Structures are given as C-alpha cells and as structure tokens.
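A note on names: the letters A, B, ... follow the listed sequences, proteins ahead of strands, and every chain is numbered from 1. Everything numeric in this text was worked out from a predicted model, so none of it was measured.
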Amino acid sequence: MNFEFTEEQEMIRQAARDYARRELTQDVMERDEKAIFPTKHVKALGELGFLGMMTDPKWGGSGMDTVSYVLALTELAKVDASVAVIMSVNNSLVNYGIETYGNDFQREKYLRPLADGTAIGAFLLSEPEAGSDATKQRTTAEDKGDYYLLNGTKNWITNANSASTYLVMAQTDPTRGHRGINAFIVEKDSPGITLGPHEDKMGMRSSDTHSVMFMDVKVPKENRIGEDGFGFKFAMNLLNGGRIGIASQATGIAWGAMDLALKYSRERKAFGTEIFNHQSVAFKLADMAVKVENAHNLCLKAAWLRDQKKRANKAAAMAKRYAADIAMEVTTEAVQIHGGYGYVREYHVERLMREAKLTQIYEGTSEIQKIVISREMVKGL
Amino acid sequence: MNILVCVSNVPDTTTKVKFSGTQLETEGVQWIVNPWDELAITRALELKESGAGVDKITIATVGLVGTETTIRKGLAMGADDAFRVDADPTDAFFTATQLAEVIKAGSYDLIMTGFESADYNGISVGGMLSEILGYPSVGAVSAVNIVDGKLQIDREIDGGKEVLSVQTPVVASVQKGIAIDPRIPAMRGIMMARRKPLTVMPAVEVEVYTEVVEIELPEAKSAVKMFDAEDIQGLVNALKNEANVI
C-alpha cells in the first residue's frame, strides 16, 4: 500500500488547481447565470492536455494514468463542475471508447483531434424513453449495404452543440434485443442531424445539453465500432469507466463546498465568536471532511484498479454512488452553514448544490449504481 | 541566444512560518518555484516561442536533492535542461558563488534571477552574481525583449521606466511585469520533465561571511476592529489615538 502520489501526479493536480483558481473562477458565475459554454477554457484545457489525458501519445493524447485523471477532474470540479463534465465525457467516454474498441482508421481520423484537444466529442445513448433502461433503444440504424441509415432521437446529450464527433448507439436488429444494438462514430455536421433547443438546466448550466434528432442520416460502414451487435456492451463498458470521472467530479463539488464553508465559518461571527467555534458548525465540517475523504479514496481506488488493468466495475460504481450522494449532503450543509448568504448566488455554494444534484442522475443514477454493486457482489467480484 | 534562469526553492507563499531557533520548521511545508523565478522562466519561454532567437533555456538552482521537484516543475513548464549545485545554501554570497560556477561552465547570454526570493527576501544574488562574473547587471527589470537580435530591457525607475539596450552577457533581476501569469505546465511537459538533462554539480568552497544570529517574526496583525455605522466619532477617535494615522 502506498498513499503517496508520484511527482507527476502532484504536478498535474497543481496544474489543474492553478488553472481552476486562476482562470475558471473569473467567469464561472456569469457562465452559470447566462448558460454560456466555456469555449476559451475548453481550448486552453485542450492545449494543456486535459482533454486527452489518458489517451496514448501515439494518438495525440497525454498518456497519463487514471489516478492523475481523478486528481485533475476533482480540482476543476471544486470550482466549476460544467468544465469538469465536458472533460469527463471527452476522456472517459468518447476517447476511451474509440481508443479501446475502435480500429486504427477510426483512431487516426476521429480520436487524434479529440485527444490533442482540437475537437470535443459527445456520447449519445439516452433517449426520451430509454434512460436507466438503455436496452430499449428506439433509434434505428438500418443496414443499407455500404452504409447505415440512422433515424431517431437522443436526449440529454452533453456537448451536443460543441462536439464535432458523436458516439451514437442505435438498434440495427430489433429481433436480437440489446444484442442488435450497434455503436457508430457520427460526424455532427452530417446531413439530417438537427439539435433541439438548449436545455435550461438547474445546474451545470455552462455545459451545453440538447436533444439530437437523426433523420435519414447516412453513416459509412467503416464508422461502426467493433463487430455487429457490439453496441450495448460497448456502451456499458464505457459507462463503467465514465463513472470514475463523474465520481471525481462529484467529489470535487463536495470539496469545493466544504472549503467555502470552512472559510466562511472562520469569518462569520455569531453570539460573540466565529461560528466555527460553535460545535454545531464545527461538527458539520468534520462530517463533511470524512465524507469528502471517503469519496476521494473510493475514486482513487477505482482509478488504481483500472491502472492495474483489474476489474473496476464495483469500485467505480461505489465511488459514483457514494460521491454523488455525499456531494448532495455536503453542499446542502455548506449552504446551511452560510445561512441566508448561502442561498444567494454571490457565495457560490448554492450553485454547487444545484450542480451536485445532477451527479446523482447522469451516467447511471445512484439507484443504478446500487444495481451494479449488488450484481457484482453476487458474482463474487 | 541562451538564457539561464536562477531558481530558488521556497516555501509556498501561504505557509504558516514557524522557526525553531534560526531554522525554519519544514514539516508540512509545500515547496514551490520562487514566484519571480517562475515568471522569469515564463518570459524566457515566451521569447523562445516567439521565434526571437532563443536557442536554449537552462535552469540552475543551489539546493539539496529535495529541490529537484521544484527544478522539474521548471522543466515541465518547458525549460530545456537544468543544473543543481548540491548544497544547502547558507546565504546570498554562497548561492551567488555556486551559481557563478554553473554559468562559467556554460555559455549564456541572459541570466535572469528573481528580484527577491519569497523566503528570506535578500535581494542580493543578482547583484553578487554579476560582480563575481564581471557581467553588467540590471535590477528592477519589468520587461525583457529581443529587438533585432539585441536584448532590450525595461527597468522601473521612480514614476516611470527606462528602456535599455544591453550588451550580453548580462544579469537581469526581474520583478513585476516580466510576465503576466506563470506558465501552467502542460501534460506533455510534465511527462517529459524527467527525461530532460538535470546535472548535479558539487559545491565549491565558499568563505562564510554571515551567520544568522536570531530570527524575529513580525508581530501578528491585530484583529479588525468594527464600528457601528452611526459611531463616526468612535472611528475618528480610534484612528487618531489608537492607530495614530490622523
């Protein structure tokens, strides 16, 4: 056992922390209020190598380990969860998917710009009537010989407008159920793709979320990932990894709220002393610290397992379930410590509380994580 | 043109400073690149990237093996190679003498030092270095540019600035304005840092001229005193009689 980070991991954490504190803090509030996409930050983070962190340098990535990825995402999410989710989707879902399951043609054409930060990607699985039950894909991909014809609607798509590359799951053979689902790399500017309006979300308002409609969109055969019928397994495999990203994001949100609450508690006075000196406040902070530490450690364990090429499904699901739920608890308590000030925008904690809520919902709800965890328990894994 | 940046390894600027006798208590201290030196590296990188004719950026530090983390941060930012003189620096003259040995062993046109270090604020190494080497030196440097292959340096003067065209080699002690924000190292730089040359040199003998006899910490700042918005007279009295500012 070794709880020490390497020099490189520390340096990455510091780089992410410096970027978040110096740059993201400047406009995080305005972007949240007006739902503005963080274009300049995405560009800068791409140049620094954060958008292709774990991708092999051979394909334009930075070749970092998953532990470094957890550290970087956590730091960014302390300040700005929207930027963190953009980075998470790009890394853990899109890049990982193409690098692991794509072929060299696909890697060269699509992965390279995603990994070197010149483009971003989106992952299109959810549908209006297929959320937690992702097997019920209504989007169809009809095999037309040398191409597939895509029709249907995808919902809640992060990066939908800003991405240039989509990973789309669609049903090719309904008679085979989820074994008839395929995954495709689809260029966003393909004829027949239209976007629904920008979703006016409760939190993470700086990330762009839309529904995406496909009407007779032609996708070349060479853009299918893996063997025919691999799509569902592909999506599930990606989500198993994606969870580490969202778990880290949730941990960061909680951590950011805790830091703000600690600072405030040592400034604000009530009954003649800083409120930190009241046990009711100090104990809240102590509980927050335990929760954040636990969540962070779960993320790091899942990341370590992945880096060791060991099965991380249960650890990642535990990390996501726990981190998302404590993010909600910790941010709620942080607002409570701030009192009335916590309820107004100026003090940031209400934004963190709004952001925390989404981590319990997307990339597998907390309830879905419990299904994953309990099934892994039955398998003795 | 080759640039050498002298780097100090200093405690993070938010460190709670505690001394045991004359020794800084280092437990829990996070060590960083001295902020002025970090800006000097940043400016050197900007000059190199602008195509103004910078061939190589070298980092030099005087410190024990623990300072290599700080040195590698500079390499991760983009410097090409580094030297570490293996000694725990005792005072500014010791440091300047060791750095001079590094410089004599190489070929550098511009030597940058931070105006002061964030730990002991000696403001001496740059001046001593130029004296030992017999190089010209410019202090309070707020900008370094290369114009038509020649070095142009802005120096802060009272209420304005002086623009100097200087002969190389030269020692410049840089301060505010030299670069806006320190460069954040990119992932690729972080991965490459360990593969860049870091040469360790033995220290030379230096006569000891100074000895720290005592360290006295500044008095803790007193708490903010609040006045009721109505109590103007109370505020005026306190400013007059307690703070003695009016």
> Measuring heavy-atom distances to chain B, does A:M11 have an atom under 4.5 Å in its side chain, in its backbone, in both, or in neither?
both
> Could you check which of A:M64, A:E10, A:R22 has the highest count of heavy-atom pairs closer than 4.5 Å to chain B?
A:R22
> Please classify the contact between A:Q14 and chain B as side chain, backbone, both or neither, with a heavy-atom cut-off of under 4.5 Å.
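Looking at A:Q14, just its side chain touches chain B.
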> Specify whether A:Y264 and A:H338 have parallel, tilted or perpendicular ring planes, treating 30° as the upper limit for parallel and 60° as the lower limit for perpendicular.
parallel
> Out of A:I12, A:L48, A:L45, return the one with the most heavy atom pairs under 4.5 angstrom to chain B.
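With the most close heavy-atom pairs to chain B, the winner is A:L48.
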> What distance separates A:L111 CG from A:N95 CG, expressed to the nearest 0.5 Å?
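CG of A:N95 is found 5.5 Å from CG of A:L111.
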> Is there a donor in the side chain of B:S142 and an acceptor in the side chain of B:E156, or the other way round, less than 3.5 Å apart?
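Short answer, yes.
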> So for B:R194, is it side chain, backbone, both, or neither that comes closer than 4.5 Å to the heavy atoms of chain A?
side chain
> Counting only N and O atoms by type, is there a donor-acceptor contact under 3.5 Å from the side chain of A:D27 to the main-chain atoms of A:E30?
no
> Is A:E23 close to chain B through its backbone or its side chain, or both, or neither, when contacts mean heavy atoms under 4.5 Å?
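Only the side chain of A:E23 comes within 4.5 Å of chain B.
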> Would you call B:E242 and B:K225 a salt bridge, using N to O less than 4.0 angstrom?
yes
